[in-house]
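What follows is a single structure, written as C-alpha cells, with notes after it.
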Amino acid sequence: MLGSLLLLAGVLLIVQAGALLSVDRPVLAPSQNSGTQPTRVAASIVEAYRREPARKIAQDLIAPPQLDTVQLERVEPRPPLTDLGLAVPPKTPMPDDWREVLLFRPDAANSAIFASMGRTVIISGVQGIDLDRACSFHDVTWPCGERARAAFNSWVWGRALKCFMPPDVERFAIAAPCRLGKQDVGAWLVSNGWATALPSGIYGKAQVAAQGAGMGIFGPPQ
C-alpha cells in the first residue's frame with residue numbers, strides 16, 4: 001500500500017515538472033477579467049522610448065555643413081533657355097470708337113499705302129518701298145519700288161480690305177492694321193519682301209525669313 005502511494009506521487013511530480021518545463025505550450029491571451037497590468041507595462045515602455053532623445057549617427061557625414069551667410073553672394077538669375085515661357089507683350093488697346101471698315105477697290109500709292117472710298121490708309125507696322133527706289137542683286141539693278149507697288153496692286157485688285165480705323169478720317173492719312181480675308185496685309189507684304197518691318201512693329205521675324213529666302217527686294221529682279 002505504501003509502495004503504491006509513493007509510485008502515484010512520483011507520477012504526479014513528473015507530470016507537473018513536464019508542464020512547467022514545456023517550450024511548446026501555447027501562451028493564452030489574458031481574459032478580460034484578468035486586469036489591466038500588461039497594458040500598463042506596455043504603455044510605460046512606449047512612453048520611455050518617446051522621452052529618450054534620438055541617437056545621432058554619423059552626424060558629420062549626413063548633416064549639411066554650416067554656412068557663413070557673410071560669404072554668400074547673390075547673383076542674377078540665368079536667362080531662359082527659350083522664348084516659349086516668356087509672357088506675351090500686351091497688345092496696345094484700340095480706342096473705343098475705332099471700328100473695322102470694309103474698303104473696296106483699293107489703289108496702292110506704294111507698297112504700304114493705298115486709297116479707297118475717299119480714305120488714305122497706311123498699313124501699320126511696316127515701311128513701304130518708295131516708288132523711285134532701285135535694288136541691286138548680283139550687280140544687277142532693277143526698279144524694286146515700282147515692282148513692289150505693282151505686286152501689292154495685283155494682290156488686292158478687285159477685292160476689299162478690312163481695316164480697323166476711326167470714323168470720319170477722309171481728309172487725313174491714317175495708319176491702321178488691315179486684312180484681306182483672314183490674311184494680315186502687313187505680314188503678307190513683309191514676308192514677300194515688298195515692305196520692311198518697323199523696329200517697333202511685329203513683323204521682324206517675317207522680314208528675317210524674307211531676307212533668308214531672297215523674297216521681293218532681297219532677291220533677283222522681278
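Along the sequence shown, residues carry numbers from 1.
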Quick check on the hydrophobic clustering: are [X] and [Y] connected, directly or via other members, by side-chain heavy-atom contacts under 4.5 Å?
{"X": "Ile113", "Y": "Leu131", "result": "no"}
{"X": "Ile122", "Y": "Leu102", "result": "no"}
{"X": "Ile202", "Y": "Leu189", "result": "yes"}
{"X": "Trp142", "Y": "Met215", "result": "no"}
{"X": "Trp157", "Y": "Phe104", "result": "no"}

- Here the pair of heavy atoms bringing Pro220 nearest to Gly214 is CD-O, 4.0 Å
- Message: Tell me the closest heavy-atom pair linking Ser124 and Ala175, and the distance in Å.
- Response: CB-C, 4.3 Å
Just wondering, do [Y] and [X] contact through their side chains at under 4.5 Å, heavy atoms?
{"X": "Lys162", "Y": "Leu180", "answer": "no"}
{"X": "Cys178", "Y": "Phe114", "answer": "yes"}
{"X": "Ile174", "Y": "Pro166", "answer": "yes"}
{"X": "Phe164", "Y": "Arg99", "answer": "no"}
{"X": "Thr196", "Y": "Val190", "answer": "no"}
{"X": "Phe152", "Y": "Val185", "answer": "yes"}

- Message: side chain to side chain contact (heavy atoms under 4.5 Å, CB included), that's the test. Do Leu103 and Met165 meet it? Break it down for me.
- Response: CA-CA 11 Å; Leu103 301 177; Met165 54 194 308; 4.1 Å; yes
- Note on the structure: d(Ser116 OG, Asp107 CG) to nearest 0.5 Å is 9.0 Å
- salt bridge (charged side-chain N to carboxylate O under 4.0 Å, His left out) between Glu100 and Arg179, worked out: CA-CA 10 Å; Glu100 196 172 49; Arg179 293 185 297 111; 2.6 Å; yes
- Of the options Leu198, Val208, Asp184, which is the one that meets Tyr203 in a side-chain contact (heavy atoms from CB on, under 4.5 Å)? Asp184
- Task: State which residue, out of Arg133, Arg147, Gln222, fulfils the side-chain contact (heavy atoms from CB on, under 4.5 Å) condition with Ile217.
- Result: Arg133
- Message: Can you confirm whether Gln127 is buried at CD, in the sense that more than 12 heavy atoms of other residues, nucleotides or ligands lie under 6.0 Å from that atom?
- Response: no
Between [X] and [Y] (side chain of the first, backbone of the second, donor and acceptor by atom type, cut-off under 3.5 Å), is there such a pair?
{"X": "Ser191", "Y": "Ala187", "answer": "yes"}
{"X": "Asn153", "Y": "Ala108", "answer": "yes"}
{"X": "Ser111", "Y": "Trp194", "answer": "yes"}
{"X": "Ser136", "Y": "Thr141", "answer": "no"}

- Task: Check the pair Val101 / Arg119 against side chain to side chain contact (heavy atoms under 4.5 Å, CB included), numbers first and verdict last.
- Result: CA-CA 11 Å; Val101 180; Arg119 303 186 181 190; 3.8 Å; yes
